[in-house]
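Heads up, the thing below is written out as structure tokens.
What you see is a predicted model; the values in this text were computed from it and never measured.
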Amino acid sequence: SPLQPVSWWGVVTSNTLPIQILIQAIQQGTAIAVTDGSYKEEMGTAAFSFRANVTDGRAMTFVHMTPGYPQEMTPYRAEVGGLFGIASFLHRLQQTYPIEKGTITIACDCKSALEKITSSQPPAPKAPDYDLLVETYNMIQNSPIVWIPKWIRGHQDDRHDGQPLDEWAQLNIEMDALAKRHWHTLQHQRPRPFSLPSGNGIWSIWSQGQRITSWQPKTFDQIYYNPSARSYWAQKFDDFHELDFTAIQLAYKSLNLYYQLRVPKWIGRRLPVGVRTATWSPMNTSNCPRCGVVNETHKHIITCPHPGAIAMQTTWLDQLELWLARQHTQPELRVGVISLLRACSRSQTWNPPRSAEPSVRHAFHQQQRFGLDNIMFGWWVSGWAEAQHGYLLSLSKKTTGQRWLSRLIKKQWEVSWDMWRHRLEIASTPDSFSLALAHEHINGEIRSLYQRLASTASGPLQRWFRQPLPHMLQQPLTFKQDWINLVRSFHNDGT
């Protein structure tokens with residue numbers, strides 16, 4: 001069957017090489033493919049050509065526009081795009097025609113790209129243009145056609161030594177000229193940029209309709225702290241613009257991977273606290289496992305009056321006060337930070353200390369206007385960093401107020417997660433209030449079943465009442481839940 005029309009990755013410019021001749025050359029190991037890319041003004045193009053051998057004048061030649069958006073485009077990406085085009089054509093070729101094995105020499109003047117796609121190890125996600133590299137690599141690995149990479153020195157037509165150029169250099173120059181010509185053709189009516197479509201079973205990450213081309217620490221920052229995220233939070237808080245968003249970003253970037261994976265759940269109120277888990281199943285309670293308060297919220301993780309939680313908060317605030325002093329915190333700001341966090345942890349009203357410094361008074365007033373409920377999530381207004389920065393300048397310190405505030409936020413996030421882990425530890429022990437409540441609820445159901453069925457049970461149902469009731473009530477929670485389900489099932493079948 002004939003090959004289907006090519007997609008975006010290859011627009012045919014010449015086709016004088018019969019497909020059967022190319023397949024035969026691949027099977028014999030003489031086939032070659034040459035590619036080169038062109039980049040200018042944030043747009044890339046590539047040209048690639050297949051030959052039966054390096055001296056055969058017959059060719060099957062393609063051009064294409066490099067996928068990707070302007071901010072992602074580089075000369076290197078245009079070169080990788082050409083290699084992707086070669087891999088895409090060979091992938092479709094082997095799907096259409098029975099090629100059990102073969103070899104082809106792939107020539108390119110970008111040595112780095114050749115090495116990455118023919119390596120024994122897949123490209124790292126942090127590598128530039130990972131999307132193109134991994135798709136190309138995957139097609140090569142799943143192909144019966146062996147790639148032999150060949151590097152060609154680029155732009156040999158610029159030499160002035162009078163030496164004749166070999167066939168490989170001439171083919172590279174031809175692809176370079178063809179790629180440039182295609183660039184100028186597109187420039188007259190420049191097409192809309194597009195992301196590389198995902199395919200061939202490769203996982204891909206997308207944000208706002210664009211594929212992420214390389215996964216680096218700054219990539220997450222750009223996604224998490226993008227304008228749409230700011231707009232989302234701005235809708236939740238009227239004075240969102242007053243937050244020191246830069247300090248929050250710096251704090252997140254300084255976290256290790258363990259906390260980076262968990263802090264978004266804390267900030268986004270997505271932890272399985274009582275008020276959320278109670279909606280998942282009728283068997284779940286909304287009570288705090290530490291103190292038993294109904295409708296446990298994220299804020300309650302910090303304000304819980306459990307003795308262990310209070311001890312953790314007290315110790316942390318004492319250590320934080322020492323840390324603030326070592327960080328050369330403005331004295332009145334230091335008092336304000338500690339008094340504010342202590343008031344929030346106790347669900348009390350914050351009365352800011354008096355200050356003769358206008359910038360400090362502004363920070364206190366700005367925070368009061370914004371509100372205190374979200375301080376535990378790291379939502380500090382910009383006035384704190386501004387006041388601290390002025391104080392640091394007076395001491396001739398090189399650090400900034402935003403750096404100081406980002407470190408404070410980081411410490412908050414870390415202790416908040418420690419408080420959550422404390423809550424989980426309590427929840428899994430016999431001291432857990434919610435666990436005791438769940439036992440009380442299910443024990444009531446067991447007593448009711450024993451009262452109604454134990455004396456009249458017969459057949460298969462009788463064996464489930466052999467244990468005395470007091471012994472049954474001492475069983476683990478999961479055992480008792482399974483017992484109730486089985487008794488009800490047998491009873492319903494019998495009736």
Keeping the roles fixed (side chain from [X], backbone from [Y]), state whether a donor-acceptor pair exists under 3.5 Å.
X: R190; Y: H188; answer: no
X: E79; Y: T74; answer: no
X: T66; Y: G44; answer: yes
X: S143; Y: I140; answer: no
X: S195; Y: R211; answer: yes

Could you check whether [X] pairs with [Y] (Lys NZ or Arg NE/NH1/NH2 to Asp/Glu carboxylate O, under 4.0 Å)?
X: E296; Y: R423; value: yes
X: R326; Y: E321; value: no
X: R51; Y: E174; value: yes

Handout entry: Test side chain to side chain contact (heavy atoms under 4.5 Å, CB included) applied to E135 and L196, I117, V80, the passing residue
Key = L196

Handout entry: Residues which pass salt bridge (Lys or Arg N to Asp or Glu O under 4.0 Å) with D129, listed by chain and number, not counting sequence neighbours
Key = R77

Exercise for the section: Indicate the ring-plane relationship of W413 and Y252, choosing parallel, tilted or perpendicular according to the 30° and 60° boundaries. Expected result: perpendicular

Exercise for the section: Just say parallel, tilted or perpendicular for the rings of F50 and F62, cut-offs at 30° and 60°. Expected result: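 If you compare the ring of F50 with that of F62, the planes turn out perpendicular.
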
[atom1]/[X] to [atom2]/[Y] distance, rounded to the nearest 0.5 angstrom?
X: S38; Y: M43; atom1: OG; atom2: CE; result: 8.5 Å
X: L22; Y: L93; atom1: CG; atom2: CG; result: 6.0 Å
X: S214; Y: E72; atom1: OG; atom2: CD; result: 9.5 Å
X: L250; Y: L255; atom1: CG; atom2: CG; result: 11.0 Å

Exercise for the section: Determine, step by step, whether W384 and T329 satisfy the side-chain contact (heavy atoms from CB on, under 4.5 Å) criterion, reporting the C-alpha distance in whole Å, the side-chain angles of both residues, the deciding distance to 0.1 Å, and the verdict. Expected result: CA-CA 10 Å; W384 295 89; T329 305; over 6 Å; no

Practice task
List the steps and the verdict of ring-ring contact (aromatic ring centres under 6.0 Å, His included) for F370 and W379.
Solution key: CA-CA 9 Å; F370 181 77; W379 300 132; 7.9 Å; no

Handout entry: Aromatic Y258 / basic R262 pairing, under 6.0 angstrom, 45° off normal
Key =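 Verdict for Y258: a cation-pi partner in R262.
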
Practice task
Assess the pair W215 and Y130: is the distance between their ring centroids shorter than 6.0 Å?
Solution key: no

Exercise for the section: Taking the six-membered ring for Trp and the full ring for Phe, Tyr or His, determine whether the centres of H182 and H64 are under 6.0 Å apart. Expected result: no

Under a 3.5 Å cutoff, is there a donor and acceptor pairing between the side chains of [X] and [Y]?
X: W380; Y: Q367; result: no
X: N138; Y: N142; result: yes
X: S14; Y: T61; result: yes
X: T185; Y: W183; result: no

Practice task
Please list, chain by chain and in numerical order, all residues satisfying side-chain contact (heavy atoms from CB on, under 4.5 Å) with P272, sequence neighbours excluded.
Solution key: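 P272: side-chain contact (heavy atoms from CB on, under 4.5 Å) contacts with T277, W280, W420.
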
Practice task
Would you mind reporting whether Y39 and T45 have side-chain heavy atoms less than 4.5 Å apart?
Solution key: no

Problem - Passing candidate, side chain to side chain donor-acceptor pair (under 3.5 Å) with R290, options H422, H306, E425 - result: H422

Exercise for the section: Kindly check if the number of other-residue, nucleotide or ligand heavy atoms within 6.0 Å of CD (E100) is above 12? Expected result: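 Open: at most 12 neighbouring heavy atoms sit under 6.0 Å from CD of E100.
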
